[in-house]
Number of protein chains: 2
Amino acid sequence: MPRTLDKQARKAQLAEAVWDVITDLGIAAVSVRSVADRAGVVVGSLRHVFPTRTDLVTFSAELMVQRVQQRLAATERTDDPRVDAVEQLRHLLPLTEQTRVEFEVTIALIAESVAEPALTEIRDVAHADLSRLCTELAERLTGRPRDENTERAGRRLHALVDGLAMQLLHQADEVDGEWAVAMVREEVDNLYRTRELGEH
Amino acid sequence: MPRTLDKQARKAQLAEAVWDVITDLGIAAVSVRSVADRAGVVVGSLRHVFPTRTDLVTFSAELMVQRVQQRLAATERTDDPRVDAVEQLRHLLPLTEQTRVEFEVTIALIAESVAEPALTEIRDVAHADLSRLCTELAERLTGRPRDENTERAGRRLHALVDGLAMQLLHQADEVDGEWAVAMVREEVDNLYRTRELGEH
DNA sequence: GCCGCACTAGCACGAGTGTGCTAGAAAGGG
DNA sequence: CCCTTTCTAGCACACTCGTGCTAGTGCGGC
């Protein structure tokens, strides 16, 4: 086998360049040339890994979803389901530089998905996963099996987190966003309280 | 004065063509040519009204915000603040073809605003207006003057509506979305209940 | 009538786009 | 050593883009 490079690392490097361009110049500025420049690579090399622009942007979308899910899975568990829930949901809010980038990129990809069918599927899967997570959290918090109540609670939690994310995006970077976390905690505590009600 | 056309109507016609293109092909496909084609007008005519692309898209953003606010203002009042609140908030959810278009366009404009500073301002103003509406609704529902409690309730309401909108967008067109309205109603009823608590 | 301006129609240019293609460089296996 | 395969580098083509510009067209006012 002749000279071979770490293809996964190269792909990740290019995907990160895509995110850079999106946050700096917007999704419209994402072209094979701009991304190659940003990654410090010539167009030919980029196209050796991603033959078309669609390949490039769909991969960066997939990697983004994957990264978020890894982070979600990596939050360690405690014996208090409330703490766990808040800790996981916190990772979905644009509170840090990283999560802020993630959210901006997500918005851009949603906007682009009208023209790029492959993105629609990625987005749908990610959304369904998030929805499932929220429902599971609701089950764990209330201590009840899945029924229409826990499902509704899960959807509500999901909506709250998405809406708070939207609001944090409109808020300047330096302003503190812990009020949003407090609001999530409140919702989580409310769900937990119904469990205590049932146990009594 | 030589031959003169209704400039406002022409601008609106072109703005609607912009929305059409966004929902069909995505924001990336919005060009002076595609929009002129969609509106059944030659590029020269479009450019007589909107000299640059930026003028075109900022105006369509402004018109969109204006339309939504007109509809909000046009919802007639009853003597029950709960009914009023739900009726107004319903207009912010992508439940009909029209509101669905509005939401998709909003997403597209958010994505584009990274590259187009004028859009950022429009978006910020619209978001602040919506935030104010939600706070006012919270005040009216609880029957309390503005304080940190009603403000938090307003933010919560706002987040819920935005999040539900996001979820409805991911839901196929034909599926019923009244569950989201029910969730809004639930939240509104909860706020109203704290008023009864205070009155007792 | 006919003058003047709002409007229509479209050409032209330079820049940027995605992608097909080819030629060279580099590195591991024989 | 050389040979094969991966990767790099870049040219070329057809196309779209925004915008500057000019020539025509038709209507309202005099």
Side-chain angles (χ1 to χ4, degrees), chain A residues 1-18 20-22 24-61 108-109 111-119, chain B residues 1-18 20-22 24-61 108-109 111-119:
Chain A
M1 211 188 308
R3 95 167 141 154
T4 169
L5 59 77
D6 186 346
K7 203 166 226 166
Q8 276 322 107
R10 165 58 58 93
K11 280 183 163 189
Q13 172 199 8
L14 288 166
E16 280 162 21
V18 171
D20 271 9
V21 175
I22 288 179
D24 281 7
L25 292 330
I27 181 78
V30 172
S31 67
V32 289
R33 287 182 243 265
S34 66
V35 171
D37 275 7
R38 188 65 68 120
V41 159
V42 293
V43 179
S45 300
L46 183 150
R47 300 221 308 132
H48 181 72
V49 183
F50 297 118
T52 76
R53 180 188 186 274
T54 301
D55 295 329
L56 173 64
V57 22
T58 57
F59 178 83
S60 31
L109 294 177
E112 183 87 346
S113 70
V114 185
E116 204 82 61
L119 288 180
Chain B
M1 215 187 304
R3 95 168 140 150
T4 169
L5 58 76
D6 186 346
K7 202 166 227 166
Q8 275 324 105
R10 166 55 59 92
K11 280 184 164 189
Q13 173 199 7
L14 289 166
E16 281 162 20
V18 171
D20 272 8
V21 174
I22 288 179
D24 282 7
L25 294 328
I27 181 77
V30 172
S31 66
V32 289
R33 287 183 243 263
S34 66
V35 171
D37 274 8
R38 187 66 67 119
V41 159
V42 293
V43 178
S45 301
L46 183 150
R47 300 222 307 133
H48 181 72
V49 184
F50 297 118
T52 77
R53 181 188 186 275
T54 301
D55 295 330
L56 172 65
V57 22
T58 58
F59 179 85
S60 30
L109 295 177
E112 183 87 346
S113 69
V114 185
E116 204 81 64
L119 288 180

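Lettering follows sequence order; numbering is per chain, from 1. Given the structure is predicted, the values throughout are model-derived calculations rather than measurements.
In this structure, the CG atom of Asp6(A) is 14 Å from the C1' atom of dC7(D), given to the nearest Å. Look at CZ on Arg53(B): it is 15 Å from C1' on dA15(C), rounded to the nearest Å. One interatomic measurement links the two molecules: CD of Glu112(B) to C1' of dG18(D), which rounds to 13 Å at whole-angstrom precision.
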Output a table of donor-acceptor pairs, distance under 3.5 Å, between side-chain atoms of residues 36-46 of chain A and any protein atom two or more places apart or on a different chain; print 'none' if there are none.
unit_1	atom_1	unit_2	atom_2	d
Arg38(A)	NH1	Asp24(A)	OD2	2.9

Donor-acceptor list for residues 26-35 of chain A side chains, cut-off 3.5 Å, not counting sequence neighbours:
unit_1	atom_1	unit_2	atom_2	d
Ser31(A)	OG	Ser34(A)	N	3.1
Ser31(A)	OG	Ser34(A)	OG	3.2
Ser34(A)	OG	Ala29(A)	O	2.7
Ser34(A)	OG	Ser31(A)	N	2.9
Ser34(A)	OG	Ser31(A)	O	3.1

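Here the OG1-CD distance, from Thr58(B) to Glu112(B), works out to 11.0 Å after rounding to the nearest 0.5 Å.
When all heavy atoms of Ala12(A) and Phe59(A) are compared, the closest pair comes out as N-CE2, 4.2 Å.
A salt bridge does not link Arg10(B) with Glu16(B): none of the charged nitrogens is closer than 4.0 Å to a carboxylate oxygen.
Listed by residue number, the members of residues 34-51 of chain A with any heavy atom below 4.0 angstrom from DNA chain C are Arg47(A).
Arg33(B) contributes a side-chain N or O that forms a donor-acceptor pair with the base of dG18(D) under 3.5 Å.
Close to dT8(D), at under 4.0 Å from its OP1 or OP2, lies a side-chain N or O of Arg10(A). Residue Ser31(A) places at least one side-chain N or O under 4.0 Å from the OP1 or OP2 atom of dT17(C).
With hydrogens and angles ignored, the 3.5 Å screen pairs a side-chain donor or acceptor of Thr52(B) with a backbone N or O of Asp55(B).
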